[in-house]
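The structure displayed is predicted, hence computed values, not measured ones. First the proteins, then the strands, lettered A, B, ... as listed; each starts at 1.
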Amino acid sequence: MNNPLDEYHWRGMMQDLTEGAHEAFSQGPRTAYIGFDPTASSLHVGSLLPIMGLVHLQRAGHSPIGVVGGGTGLIGDPSGKALERQLLTREQTAENLEGIRGQLERFLDFQVSTNPARMVNNLDWLGELRTVDFLREVGKHFSVNALLRKESVRRRLEEEDGGISFTEFSYVLMQAYDFLVLLDRYNCTVQMGGSDQWGNITAGIDLIRRMRGEKAFGVVFPLVTSATGVKFGKTEAGTVWLDPARTSPYRFFQFWLNTDDPDAIPYLKFFTLMGKEEVAELESALADRPHERAAQRALAEEVTRRVHGETGLSRARQATQVLFGGDLEGLSGEEIADVFSDVPSSEFPRQTFEGEGMPILDLLAESGVASSKGDARRSIQGGGVYLNNIRVEDVGRRVRLEDALGGRFLVFRKGKKNYRLVKLLG
RNA sequence: GGUGGGGUACCGAAGCGGUCAAACGGGGCAGACUGUAAAUCUGCUGGCUCAGCCUUCGGAGGUUCGAAUCCUCCCCCCACCA
């Protein structure tokens, strides 16, 4: 049995740990949990680091628990939030929870007999909690004076008109209680999470010490940042989700492939299971031959394979090759449909393109390639518009049936990466 | 309630009777270079039937041949004073 904290440490993914945590893992198998917020029906790449935390834990022979905050999600964690949150309905939360469960199953082994991963919903116990019992048993152990000093609460108290509701103010009690319940039910003695969870985690540790006289531990992972200061997990297209319906495997793959050089090695350590030697090799490859981007490629392939499977990866790869390899000639209609399935598309009736065809400016504006005809005109004049990968030179050009690939598709591109598929209907 | 300062394009910010679709900076988009990078350089960045026309400078009126610019009223912000 290995100590997962050593693994975290060399990977640079351990921001902080409570006293005695390292020794605790050396003594024998432990059960540890991480909570996931069910504010959306999918996790995004921002949750990937904690998930990898659970993965390493399980590989080291310990038991991971993923807690989906069906109950706490109904309350809202004030940590890191400037404003009071919109409350989710129970139905929304339940739905989101299902999505998240499916995604965690891609990372953790729920089948092994020795240390299977578990997935629980804290609504199971928070939902049936009686107010009076809770206030007597749990509330007693929390000092309002201490709560008021908490960073997350204090910031909100200083807000002029925002403030904090009693609901969110009590959030930390809920999360602390979660830890206690998990200790009782699963002998779970470790809680992990993002660094913003430190306060919530230590609150749970305190509660366990007071109510059960036991020692529990906490480990927090750093906030993933990028060297250029861009918020990790966001692209022009928005958040990068794990759900293929929200972020296609192709875009997901591209997200990782586009990692900046300085981030590539840290990310390999964070998000793949590669060992030290492999990472070191890629590091020197990146230093010697940066243009090959071996590290980014490996990163993109590993992570995409894990999240979207072998099929998702090969589709993403194929799409990448076609989109950046250049040649669209010779592709069948089916191949185009497949490769461009990830690309935003619009549909036009076939007769639009019959005879004289449609002026390209109108088509660009109406299909959403450009925001207006003026924009379309300027983009063409600037040399930034391509039809079927051939630069459009003439602003007055018309698009006709002969332009359609396989008689069915028009592939527009603005710039290097922005594709748009126009489908001919009828 | 009093006094002073303001509201300009995605954001910040100039302009203070015509030469203003509005300087400059940021952001965004595109081009060149490259590694689908960073940095850099270049162009574009209200709409259209695009060498021209139309709608914009908090809102509504007015003065003027002509207003983002002057006047009146209204709305909203900020600073200081009570």
> State the pairing partner of B:C29; accept Watson-Crick or G-U wobble contacts with both distances under 3.5 Å, and report none otherwise.
B:G43
> Taking any heavy-atom pair under 4.0 Å as a contact, classify A:R289: base, sugar-phosphate, or nothing.
nothing
> Are A:L387 and A:L410 packed together at the side-chain level, in the sense that at least one heavy-atom pair is separated by less than 4.5 angstrom?
yes
> Taking the P atom of each, how far is B:A9 from B:C33, in whole Å?
37 Å
> Among the nucleotides B:U36, B:U45, B:A30, which one has an atom lying closest to any side-chain atom of A:K414?
B:A30
> Describe the nucleic acid contact of A:F253 in one word from base, sugar-phosphate, nothing, applying a heavy-atom distance below 4.0 Å.
nothing
> Nearest to the A:P290 side chain among B:U36, B:G35, B:A38, which nucleotide is it?
B:G35
> Would you give the length of the straight line joining atom CG of A:L268 to atom CE of A:M274, rounded to the nearest 0.5 angstrom?
5.5 Å
> When we call it a touch if two heavy atoms are under 4.0 Å apart, what does A:Q254 touch: a base, just sugar-phosphate, or nothing?
base
> Anything under 30° is parallel, anything over 60° is perpendicular, the rest tilted; go ahead and classify A:F169 against A:F166.
tilted
> Once you apply the 3.5 Å cut-off to both distances, tell me the Watson-Crick or G-U wobble partner of B:U3, or none.
B:A79
> Examine B:C48: is either OP1 or OP2 under 4.0 Å from a nitrogen or oxygen in the side chain of A:S372? Give yes or no.
yes
> Thinking salt bridges, do A:E302 and A:R306 make one under a 4.0 Å N-O criterion?
no
> Please report the distance separating the P of B:G2 from the corresponding atom of B:C11, rounded so that it comes out in whole Å.
32 Å
> Across all strands, who's sitting opposite B:A23 as a Watson-Crick or G-U wobble pair, both distances under 3.5 Å?
none
> Does a side-chain N or O of A:R378 approach OP1 or OP2 of B:G47 to a distance below 4.0 Å, or not?
yes
